[in-house]
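Notes to accompany the following structure.
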Amino acid sequence: MGNREFAALLYEAADLMELQGIDWKPQAYRKAARAIESLERDISDILKQSGRKELQEIPGVGEGIASHIEEFLRSGRVKKFDEVRKSLPPGIGELLELEGLGPKKAALLLKKLRVRGLADLKKALGAGKLRSLEGFGEKSEENLRKALELHERGKERMLLGEALPLAEELLDYLRPHAERLDYAGSLRRMQETIGDIDILAQSGRPSGVMEAFIAFPRVERVLAHGATKSSVLLREGIQVDLRVIPAGSYGAALQYFTGSKEHNVALRAIAAKRGLRLSEYGLFKGEKLLAGRSEEEVYRKLGFPLIPAEMREDRGELAGTKPPELVELRDMRGDLHAHTTFSDGISAVEEMALAAKSKGYEYLAITDHSQAERIARGLSEERLEEQWKELSRVEKRVGIRLLRGAEISIQNDGSLDYPERVLKKLEVTVCSIHSGFKMPKEKMTERILAALDNKYCDILGHPTGRLLNRRAPYEADMQRVFEEAVEERKILELDGHPERLDLSDAHALAARKLGAKFSLSTDSHAAAHLGYMRFAVGQARRGWLTKGDVVNALHLKGLRKVFPRMRD
DNA sequence: GCCGTTTTCGGCCCGACTGTTTTCAGTCG
């Protein structure tokens, strides 16, 4: 533990130093913070097991930051950061969270108007003091007022599951005005949450796309409106940037705006080493354009195959080895986690079966809640048997294999919420934690390990229990959980429900390295939710999973070897 | 503060847009 906390300290220190006019160091801090944040291993483990030298293996971490990490892990604080904090008013960092206000202007506000935080800024705005400052005018006052308002409304990152449909709607709307349209950025990389939506267009009449864009019915405010770039804020609270790109640079621009920033920095460094220059306009040797029309061409000229967008995180995808053949949505043969009206779902068994069938699936596991989940109308033994009759009936009618399954709660002591005589009749079980989230880490870890050791546990459901933007994962030693799962040949779920995406991409990556197998599921509570599979696949691809890592990419025959209680 | 077949010192992405200012600084992505 501690990676996120330490990264947060680095970010804070970077902001404050920038306010003080310190050059470069803030960038270095942020770079290190990003690396530490996305690390699979805990910095405390690294220090304990391998020592300080190993900390410096983290990209962007050198002697200085390594010693700060050591101090932080030892004492929970970093003296140097404390000093920086003390040298500035406590509320000053908040100012930088405002749209359009950066370190230079914030420093000026502090120096000339003694603005020490958001409250001060509000007062200064009210008194009309800002326009007297050099570099400020009426317009900047107005913008700050709006930024302040927006900030107060609270701004969380939007879930992938909300942003993607929104972007698709906008693309459909813009299609008549452009020859080519793509969304780029974190959305294209299928990151679990999205800061803003980036859209690229190629058009013979750029002004036409721009006019249409700012007239999109969901637009609340136009933030910028130029010849090649415009930005709007949608009513849903997310910013959308649109850029119009000429055909000859379209691929380079798509590459550039897809990111990630870290991936691009690494790729540009590789280009630079070869005496080339990569920008959103193309790959250049001197003035000569070598590539730009397509992404593939850009990567090829740099000696790489087309790297899937989901892998572009500078996690080793540019190391030169051939990237793995990532799992695709069309590889999926079934879904192993779905609820029906028997428990807390809103679609009947038959509706679920029909929806699964229409996706071309061979099978669907019906996994309603176990008896203890009263709120979710968990199934008693009798109701479960009733359900099995229904499954047999629908199975014949619809022509899709319905597995007798259950999502079984893992109780506080690690036992499963059905007696053995029931468990052995279930073809597949998803075992999940639904209560007792606040256990100490050691106890929680033991609880999960005990469940994994149960011979009737097949799949560990939403393994960390997190809800994006709402609930932190429970404390558990996930590395040990993954090791045990591999040892006991248990399957890890990658739950594609937009609020869960659990396992996360980083966890999937770590577990895959240990040789784990995965179930990409939707945790559907309605027939339409079966469509969440694309989010599960997106996270799986971010975790470098191949078709071979995913059990429900297997045909029925292969699946039987994974789940021995499955009937013929 | 980090990093290195350009460098152990001197770089560190760079272009679009905005607002305020008559040629540019600040912010953002």
Side-chain angles (χ1 to χ4, degrees), chain A residues 10 13-15 17-19 21-36 55-69 78 80-81 84 95-109 130-144 146-147 184-187 194-200 206 210 214 222-233 239-245 249 252-253 255-284:
Chain A
L10 276 177
D15 284 347
M17 287 175 167
E18 210 157 47
L19 268 168
I22 297 171
D23 280 332
W24 302 118
K25 212 193 277 203
Q27 263 121 302
Y29 275 15
R30 289 196 187 105
K31 184 172 181 227
R34 278 194 301 268
I36 290 166
L55 284 176
Q56 293 188 38
E57 293 297 305
I58 303 169
V61 175
E63 235 171 291
I65 294 177
S67 80
H68 291 330
I69 294 177
V78 180
K80 177 154 181 199
F81 297 168
V84 178
L95 289 179
L96 300 179
E97 290 167 20
L98 295 181
E99 163 96 44
L101 189 60
K104 297 271 167 56
K105 285 187 171 175
L108 194 70
L109 287 175
L130 258 64
R131 69 190 72 176
S132 62
L133 280 187
E134 195 173 334
F136 287 83
E138 245 173 277
K139 200 74 195 240
S140 23
E141 265 190 353
E142 183 55 28
N143 285 340
L144 275 176
K146 281 180 180 160
S186 52
L187 193 58
I194 307 298
D196 50 39
I197 298 174
D198 291 302
I199 292 180
L200 302 188
M210 288 303 181
I214 61 169
V222 178
L223 302 170
H225 181 195
T228 64
K229 187 194 159 187
S230 296
S231 298
V232 300
L233 186 69
Q239 183 177 326
V240 188
D241 298 336
L242 172 68
R243 292 176 176 79
V244 180
I245 313 286
S249 314
Q255 193 288 318
Y256 179 84
F257 288 109
T258 296
S260 68
K261 191 182 257 186
E262 292 74 17
H263 174 87
N264 286 354
V265 167
L267 197 62
R268 277 196 299 274
I270 288 167
K273 263 177 215 159
R274 301 180 187 193
L276 309 176
R277 184 171 50 84
L278 178 62
S279 76
E280 61 261 53
Y281 296 106
L283 182 66
F284 295 90

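Quantities reported herein were computed from a predicted structural model and do not represent experimental measurements. All values below come from the heavy atoms of this structure, side chains included, with hydrogens, waters and symmetry mates left out. Here is how names work: the chains are called A, B, and so on, in the same order as the sequence lines, proteins then strands, and each is numbered from 1.
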**Message:** Which residues pass the side chain to side chain donor-acceptor pair (under 3.5 Å) test with A:Glu63, not counting sequence neighbours?
**Reply:** none
**Asked** Can you list the residues that meet the side chain to side chain donor-acceptor pair (under 3.5 Å) rule with A:Thr258, with sequence neighbours excluded?
**Response** A:Arg188
Across the strands shown, which category fits [X] at heavy-atom distances under 4.0 angstrom: base, sugar-phosphate, nothing?
| X | answer |
| --- | --- |
| A:Leu98 | sugar-phosphate |
| A:Asp196 | sugar-phosphate |
| A:Ser279 | nothing |
| A:Val265 | nothing |
| A:Pro26 | nothing |
| A:Ser230 | nothing |
| A:Lys31 | nothing |
| A:Asn264 | nothing |
| A:Leu101 | sugar-phosphate |
| A:Ala227 | sugar-phosphate |
| A:Glu134 | nothing |
| A:Tyr29 | sugar-phosphate |

**Message:** Testing the 3.5 Å rule here: is there a donor-acceptor pair between the side chains of A:Glu99 and A:Asn143?
**Reply:** no
**Asked** Who passes side chain to side chain contact (heavy atoms under 4.5 Å, CB included) against A:Lys146, sequence neighbours left out?
**Response** A:Glu142, A:Arg221
Taking the [atom1] atom in each of [N] and [M], what is the distance between them to the nearest angstrom?
| N | M | atom1 | answer |
| --- | --- | --- | --- |
| B:dC2 | B:dC17 | P | 36 Å |
| B:dT20 | B:dC12 | C1' | 29 Å |
| B:dT21 | B:dT27 | P | 15 Å |
| B:dT23 | B:dT18 | C1' | 15 Å |
| B:dA16 | B:dG4 | P | 30 Å |

**Message:** Both distances below 3.5 Å, Watson-Crick or wobble geometry, any strand: find the nucleotide opposite B:dT8.
**Reply:** none
**With A:Arg131 via salt bridge (Lys or Arg N to Asp or Glu O under 4.0 Å) - residues at least two apart** = A:Glu141
**A:Glu18: salt bridge (Lys or Arg N to Asp or Glu O under 4.0 Å) partners, not counting sequence neighbours** = A:Arg30
**Request:** Could you pick out which residue, A:Glu280 or A:Gly62, lies toward the 5' side of DNA chain B when each is mapped onto its nearest nucleotide?
**Result:** A:Gly62
**Request:** Return the 5'-most residue of the pair A:Met210, A:Glu63 with respect to DNA chain B, ranking by each residue's nearest nucleotide.
**Result:** A:Glu63
**Prompt:** Between the side chain of A:Ser249 and the main-chain N/O of A:Ala252, is any donor-acceptor distance below 3.5 Å?
**Reply:** no
**Message:** When you compare the side chain of A:Ser279 with that of A:Tyr256, does any pair of heavy atoms fall below 4.5 Å?
**Reply:** no
**Fill in**
With a 4.0 Å cut-off (strictly under) to non-hydrogen atoms of chain A, the first and last hit nts on DNA chain B, 5' to 3', are B:dG1 to B:dG29
